[in-house]
Amino acid sequence: MDLSYSPEELAFRDEVRGWLKDNLPEDLRRKVAEYEELSRDDLLRWHRILAKKGWVAPSWPKEWGGNGWNVVQRYLFEEECGYAGTPPLIPFGLSMCAPVLLKFGSEEQKKRFLPRIYNGDDFWCQGYSEPGSGSDLASLKTKAVRQGDHYLVNGQKTWTTLAHYADWIFCLVRTDSESAKRQEGISFLLFDMKTPGITVRPLVLLDGGHEVNEVFFDDVKVPVENLVYEEGKGWTVAKYLLGHERMNTGRIGGSKRELAKLKEFAAAQSKNGRPLIEDARFRDRLSRVEVELMALEITNLRFLDQMRRSGNPPGADVSMLKIKGTEIQQSLSELMLQAVGPLAQPFRPVDAPVAARDDFDPFVASLAPRYGNMRKTTIYAGSNEIQRNIISKMTLGL
Amino acid sequence: MDFEYSEEQQLLADSVQRFIQKDYDFEARKKIVASETGSSENAWRTFAEMGLLGLPIPQDHGGFGGGALDLMAVMEAFGEGLVVEPYLATVGLGAQFIARAGSKAQRKTILPAVAEGRMKLAFAHTESKARYNLAQVETTVTPNEGGWLLSGEKRVVLGAPLADKLVVSAATSKRGFSLFLVDRGAPGVEVKAYRTFDEMRAGDVALENVQVDKKALVGKKNAGLALVDEVVDFATALVCAEAVGVIKSANESTLEYLKTRKQFGVTIGTFQALQHRMVDMFITGEQARSMACLAASKADVAADADDRRRAISAAKIKIADACRHVSQESIQLHGGMGMTEEMKVSHAFRRLTMIAQQFGDADHHLERFAALA
Ligand SMILES: Cc1cc2nc3c(=O)[nH]c(=O)nc-3n(C[C@H](O)[C@H](O)[C@H](O)COP(=O)(O)OP(=O)(O)OC[C@H]3O[C@@H](n4cnc5c(N)ncnc54)[C@H](O)[C@@H]3O)c2cc1C
C-alpha cells in the first residue's frame, strides 16, 4: 500500500496549481473568497479562460475538446480549482447536458450544442424538479404532447438554479401519461429559454439571495428535433447522468480552502485578549472537522484507485462522498459563524447598499447568510436521506 | 413543585397568543420587517395596553412587579410569532438596569414611560474585541466640570436605532466600569443602523466626547460588572424562553409538513428515517423547555449569584444546542421549501441561529459553567 501520489501526478498537480495561480483573475478570486454573488459574466469569463486553455471539459472525447486526462488527473484538477477558489464551472451544460448528448444525442444535436457548450456560448440550466416531484422525480407532471413537428409543453419546474441566466434548459417531461410504469412515459427535451410561453419567476432563499427560480411553461412549442434519444426513454437518460462519474462530489479542495480561511479568521478574532484559535474548545471543534476532511480525502482516493483499476464508474460510493462532503462544508460554515461571535448579527445596512457603508464589513455580514445558504447542500443533488437510501439498497442490500 | 403557570400568567399568555394570531401573523410580520423602521408602533401600543411593557417594572412605578417567570409565557409567545419589536432591548435589558439600580429620579422618569410605551431603551455594551466577555470595556470616561465625557465604539446594540435612551458602559477605572444613561440623540452619539440576520434592527454606536452629567450614572461607580452580569443573565433567561417558542413553531411546521408532503405516493412522515429525526427534534424541544423553566426560576430567586450563573449557563448551553439542532433539521426535513424566504420556518431558522450565539454561545457558557462547578 502506498498512499502518496506518483511523481508524475505530483508534477501534474503543480502544473495545474501554477497555472491557476497565474490565470485566475484577482477580482474573481476575491469575489469567491468573500462569498460574493457571481454574475453571469463572472461565471462565463472563467469558463472561457479554461476553454481557451483546453481544460474546460477534460472528460469529453478528444474530438469534442476533451484532453485525455485520466480520472486521477481530473480529480486533481477539480480539487486544485476548489483549493484556489476559482468560480465554479456551472455543471448544467458541461457535465450534465453534454455527457447526455455524447451518449444519446444525434450527430446533429452534438454538432449543434457541444461546441457552444464548450465555448460558453450557451448558458444551461436543469429542469428536473417540480413542486410535487423532488426526491420522487419519476412522479413529474410537466406534460409534452406531440403535435406534428413540435411538442406542446405545459407545466412547471422549480428550484431551477440560475434559470435567470440561462439560454437553454434541459427538462424531463411526461410524453405519455398512460404507460403502466411511470418511468416509461418520460422524455428528455431541450428548450430554448427564449421560446414564447416560458416564464421565469425568482425564488428568494433564506439568505435573501436569488439563485433558484420557478419556470413555467404555458403552451410552449418545442421542436421535435430537440428530443434527446427516444420518446419515453428520458428516465434511462436521467439515470445514466446520475451514475456518471462525479469524483469531485466531496468538494475536498474547496473545503481545504475554507478550513485554511477559518484558521486565519479565527486567529484574527480575539477571546479574552488571546486569538480565538488558541482557545482549546474552539481549536478542538476545528480539529475535528479537519480530521473528518482528512478521512474523506483518503476515502475519495481509495475510490479513485478502485475506479482506475476497474474502469467502472463509482456507483453508490459517490453517495458516501456527497454525504460526508456536504456535512463538512456545513460544519465549516457553522464554525466561521461561531468564530465571529456576537458580530454575526449585522446583515444589511438600512437605506444603503453594503458598499456605501465603510463601517460595515461585508465579509463578516456574509457569514450568517452563507451558513444559512449552505444548508442547501444536504438537500439538493439528491438529498442526503436519498443518498443514504441508495447506499442502503445498492451497497448493503437492505 | 408546580410547573404550571399561575392563572394570571396563563391568561396573559393566552391574550398574547391571541394577539399574535390575529394581528401579528406571518404576513403582518413581513410588512413590519420591510417597513422603514422595521418595528410596529401599533404593536408597541398594544403591548403597553396589555401590560406587557410594565410586566417586570416595580408596582410603584406603573408596572406589575413581575419577574422572569412572569415574562416566560410572553417571550415564548413572542418566539412563536417571531416578534421583531425591541422588547428584549427595552424591557429585558434597559429597564432592568433602571429598576434594579437606577436613582430615584431615573426610576421616576423612565420606568413609567417604558411601561406606558412612551420610551424605548437599548443596552450599549459589547465592543469589537470583547466577544462574550462582559468585563471587557474600553469606552473611556473623562471627568469634567459638567460630569463626564464618554468616547468609544459599541457594536451590535440591539434596538439602538429605535431607542430613546441608551444604557452605556464605560471604564471609569482600571478595576471596573460604570453605566450611564445617554440620550440617543445627544451630541456626539452616532447610531449606524442595520438590519440583523434575524430581521430586527440594531446598530453600532459611536460615542465621541458625549457629555453626560452626574445624574446620568446608573448604579454605583465602578460596580457595573455585577449589575451587567445579573441583568444579562435575566435577559438570557428571557431569550431561552423565546427560543422555546421559536422551536415550537419550527417543530410544528415540520411535523405538519411530514404529515402532508407526499413523495413516492405516501406522506414523507411514513419514512422511519424521518420519524426518528422528528422525534429527536421533539425531545430537544422538551429538554429546551425544561432548561428555560430552570433559567427563569433561577433568574428570579437564586440562592446566590453563583447558583444563578450556573443555572443560566446550563440553560443557555442546552438552548444553544437545541437552536442549532432544530433549526437545521427543520430546514432539512422541509427539503427545498425550507430554504425559501416564503416559508416561516426559514425565518425561525434565522432567529434560532442568532439566539444560539446571543449572550454567549454554547462554548462560552460551558466555560462559565465548568468554572463554577
Ligand atoms: C438551492 C437548490 C438548488 C436546486 N437546483 C436545482 C436545479 O437546478 N434543478 C432541479 O431540477 N432541481 C434543483 N433543486 C431541487 C432539488 O433537487 C430538490 O430540492 C431535492 O431533490 C429534494 O426535493 P424536495 O425539495 O421536493 O424535497 P422532498 O423530496 O419533498 O423531501 C422532503 C424531505 O423528505 C426527505 N425524503 C424524501 N423522500 C425520502 C425517503 N424515501 N426516505 C427518507 N427521506 C426522504 C428528503 O430528504 C427531505 O428531507 C435544487 C434545490 C435547492 C435547495
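It should be emphasised that the depicted structure is a prediction, and the values quoted were computed from it without experimental measurement. Just so it is clear: chains get the letters A, B, ... in the order the sequence lines come, proteins before strands, and each one is counted from 1.
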Measuring from [X]:[atom1] to [Y]:[atom2], what's the distance to the nearest 0.5 Å?
X       : Y       : atom1 : atom2 : result
N272(A) : N133(B) : CG    : CG    : 4.5 Å
Y371(A) : R350(B) : OH    : CZ    : 13.0 Å
M339(B) : N373(A) : CE    : CG    : 5.0 Å
R375(A) : E329(B) : CZ    : CD    : 8.0 Å
W159(A) : M337(B) : CH2   : CE    : 5.0 Å

[X] to [Y] - nearest heavy-atom pair and separation:
X       : Y       : answer
P349(A) : Y194(B) : CA-CB, 3.7 Å
L206(A) : S346(B) : CB-CB, 3.6 Å
I379(A) : G336(B) : CG2-N, 3.5 Å

So which of [options] has the biggest tally of heavy-atom pairs under 4.5 Å with chain B?
options                   : answer
P369(A), S139(A), G372(A) : P369(A)
V212(A), L343(A), L203(A) : L343(A)
Q269(A), R182(A), E334(A) : E334(A)
A368(A), G273(A), A365(A) : A368(A)

Which one, [options], leads in non-hydrogen pairs under 4.5 Å with chain A?
options                            : answer
R277(B), H364(B), M200(B), Q136(B) : R277(B)
K129(B), K262(B), R201(B), R261(B) : R261(B)
T353(B), I268(B), T126(B)          : T353(B)
M343(B), E341(B), E199(B)          : E341(B)

Step through the shown structure and confirm whether more than 12 heavy atoms of other residues, nucleotides or ligands are within 6.0 Å of [atom1] on [X].
X       : atom1 : answer
E34(A)  : CD    : yes
K376(A) : NZ    : yes
K30(B)  : NZ    : yes

Salt bridge check, K271(A) against E367(B): does any charged N sit closer than 4.0 Å to a carboxylate O?
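Answer for the salt bridge query: yes.
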Going through the distances and angles, do Q328(B) and T378(A) end up as a side chain to side chain contact (heavy atoms under 4.5 Å, CB included)?
CA-CA 10 Å; Q328(B) 295 177 351; T378(A) 46; over 6 Å; no
Assess the side chains of S135(A) and Q263(B): does a donor N or O sit below 3.5 Å from an acceptor N or O?
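No, Q263(B) and S135(A) have no side-chain donor paired with an acceptor closer than 3.5 Å.
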Do Q345(A) and Q357(B) meet the criterion of a side-chain donor-acceptor pair at a distance under 3.5 Å?
no
Hey, does P342(A) have a side-chain heavy atom less than 4.5 Å from the side chain of R155(B)?
no
Is there side-chain contact between T196(B) and P346(A), with at least one heavy-atom pair below 4.5 Å?
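T196(B) vs P346(A): side chains apart.
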So which part of [X] gets closer than 4.5 Å to some heavy atom of chain B, the side chain, the backbone, both or neither?
X       : result
I386(A) : side chain
Q330(A) : neither
L337(A) : both
T158(A) : neither

For F264(B), is it the side chain, the backbone, both, or neither that has a heavy atom closer than 4.5 Å to a heavy atom of chain A?
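Looking at F264(B), backbone and side chain both touch chain A.
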With only heavy atoms counted, which part of D363(B) is less than 4.5 Å from chain A, the side chain, the backbone, both or neither?
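Answer is both: backbone and side chain atoms of D363(B) are under 4.5 Å from chain A.
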Chain B contact residues among residues 277-288 of chain A, heavy-atom distance under 4.5 Å
D279(A), R281(A), F282(A), R285(A)
Checking R348(A) against F197(B): charged group under 6.0 Å from the ring centre and within 45 degrees of the axis?
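Relative to the ring axis of F197(B), which defines the angle, R348(A) lies outside at least one limit.
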